[in-house]
There are 2 protein chains.
Amino acid sequence: MRLALVVGNTATAGIAGISAAGASPALSRHTPAADAEIVAYGRTVGAPVVPVSPTGCPTPAILTRAVRDLVGFDLVVLDAGLAAPTSAPTVDLGGTPGGDVRDPEPVPDATATFEAAREFGRALGRSRPDEELLVGESVPGGTTTALGVLRALGEPFGVSSSLAENPTERKRSAVREGLSASGLDEGGAAGTPREAVRRMGDPVLSGAAGLATGAAAAGARVTLAGGTQMVAVAALLRHDGVEAPLSLATTCFVADTPGVDLPAAADALDLDMTVTDPGFDGVEHPAMAAFARGEAKEGVGLGGALALADRAGASTAALHAAIDSAYAEVCGGP
Amino acid sequence: MRLALVVGNTATAGIAGISAAGASPALSRHTPAADAEIVAYGRTVGAPVVPVSPTGCPTPAILTRAVRDLVGFDLVVLDAGLAAPTSAPTVDLGGTPGGDVRDPEPVPDATATFEAAREFGRALGRSRPDEELLVGESVPGGTTTALGVLRALGEPFGVSSSLAENPTERKRSAVREGLSASGLDEGGAAGTPREAVRRMGDPVLSGAAGLATGAAAAGARVTLAGGTQMVAVAALLRHDGVEAPLSLATTCFVADTPGVDLPAAADALDLDMTVTDPGFDGVEHPAMAAFARGEAKEGVGLGGALALADRAGASTAALHAAIDSAYAEVCGGP
């Protein structure tokens, strides 16, 4: 079992009120770099901050790391276009940080990043055909670009948010502006997924879609570990003619989001869906209580990691203890 | 426990008859890239060949991976200057492949690579002060550059070889030529370790010395996992005034090499030394028998990995079974 974590940035995160993946847009620049370090090392190493939401909800990376401590899995981080350096070891896809979704062409190198990731996925899948590959992401602002890509493809699904109150209208407005700037109608990029990402996406969508495409072509079992951003990745694959079996593993927090109809998306895109509830209701812990309130919800492969813990037979008590330890390790200081 | 594997290339490997870390100089270009993939994934992924010596002895990376399968340890690969791409995730130190030791300045960016590695080592050591850090290397031609650095520092120790018959005279001749081209007498870079690497070393020596220096400064327990190349790294640290405790963990194959007096080096450089014998004598297996004949001997952190297996209480039978499996996985093909 291996988590391939695709990380990068998009200037879309700078739109006011759109993302909680960082205490501020200036700090969210460091979020994917820090998330990669937390899953790789159990601590931030070079990143200057531990990512928290504006209300203090800690990054899902801590929970994913907790599952790694608990049941063990391998990790490979793919840099699809980081804006800040990370001390985590990465496979460099050659991409650059994405522009604002409202611009005409926020991801000019979408095709190159896709192809580098596909080549890596194919090689990894070929060399490890027995292995299940979880594909996760960290990119602040990523649900807005996911919405942009879904609309460009003509897919009707809604997206989730790392904020407890989903700023749906702000996202829709940004996507409308982006479609207009790109000269695209809704569905204008149906069947041309690289075009959809180039015009309306972010580098991480390119990397994740390329990775999943290559690994699936090599016969690997691919699980998209995440919520509505991974629905967008699945849509990119289906619009590219990929017919391989695909799984989606996400958290109950995404599944319970108003406006998100995961069963409909899974049905339309032929995804085998797993939703895991880590049992945080009523738990008095700064991280778990914040997730129970609907903050963060998903990201950094969390849904896939939780499904893995579940399959490994880890008890809820053991999971909570691991999260408590990982949280203390990341946030406690030495 | 974490193995930090510093990888890179030097044109020194192109000197005829000097290295067995690849079937030919053209293929040895891919050796460190492939070694990193083998330890990271248990297979080559992007690298075009599994590294073998001209006589077919497989790379020590397979043995190090076997220990990883057996007892488990974390891995971080540092790219100090690879000449061929790797699909392993890496921390990029910003270095470039080194030139020929016979040139006046084979590692012009020695100081920058050292500083990037020191910064990473300090951050890693600070964030994980409880962790033992093994520092290993893969750089074909690396014992010749190690000899060059030792002589530039004025240290008298001999070096080992990945060939069963150490081409000692060829190495000495290359080093003499390099010292002359660099305008250095033996000992001419005593107390100026960056100068010694810049004039006579390779990028991996820079990266390993920087990493060990930074990690030790942050209070981490540092074990140099390797043979005479790691003696050169230790010498670089001592000539830099680093007084922290340092361990050296290597194989009996290096310790038994004529002309290599490890106890004398360990004594002079104040190293706590561990030598491990994996019990390959009389074993009928293509990898283990080749090591028993004195080929390869060390590399890719092998001595440190074997010490780890020993400390974890792994039996010789379990170790041999793990090596057999890892070998089949790497060399068997799907």
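Below, chains carry the letters A, B, ... as their sequence lines are ordered, and counting in each starts from 1.
By the ring-ring contact (aromatic ring centres under 6.0 Å, His included) test, B/Tyr327 is found to be paired with B/His285, residues two or more places apart in sequence or in another chain being considered. Residues meeting the salt bridge (Lys or Arg N to Asp or Glu O under 4.0 Å) test with A/Asp69, sequence neighbours left out: A/Arg65.
Residues of residues 32-41 of chain A having a heavy atom under 4.5 Å from any heavy atom of chain B, listed by number: A/Ala40, A/Tyr41.
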Please tabulate, for side-chain N and O atoms in residues 203-221 of chain A, each donor-acceptor pair with protein atoms closer than 3.5 Å (sequence neighbours left out).
from     : atom 1 : to       : atom 2 : distance (Å)
A/Ser206 : OG     : A/Ala110 : O      : 2.7
A/Thr213 : OG1    : A/Ala209 : O      : 2.6
A/Arg221 : NH2    : A/Asp130 : O      : 3.3

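Looking at every heavy atom in both residues, A/Val76 comes nearest to B/Pro89 through CG2-CG, 3.9 Å. What you find for A/Leu124 and B/Val45 is that their closest heavy atoms are N-CG1, 3.6 Å.
Residue B/Thr86: no heavy atom, backbone or side chain, is found under 4.5 Å from chain A. Using a 4.5 Å cut-off between heavy atoms, B/Arg122 does not touch chain A at all.
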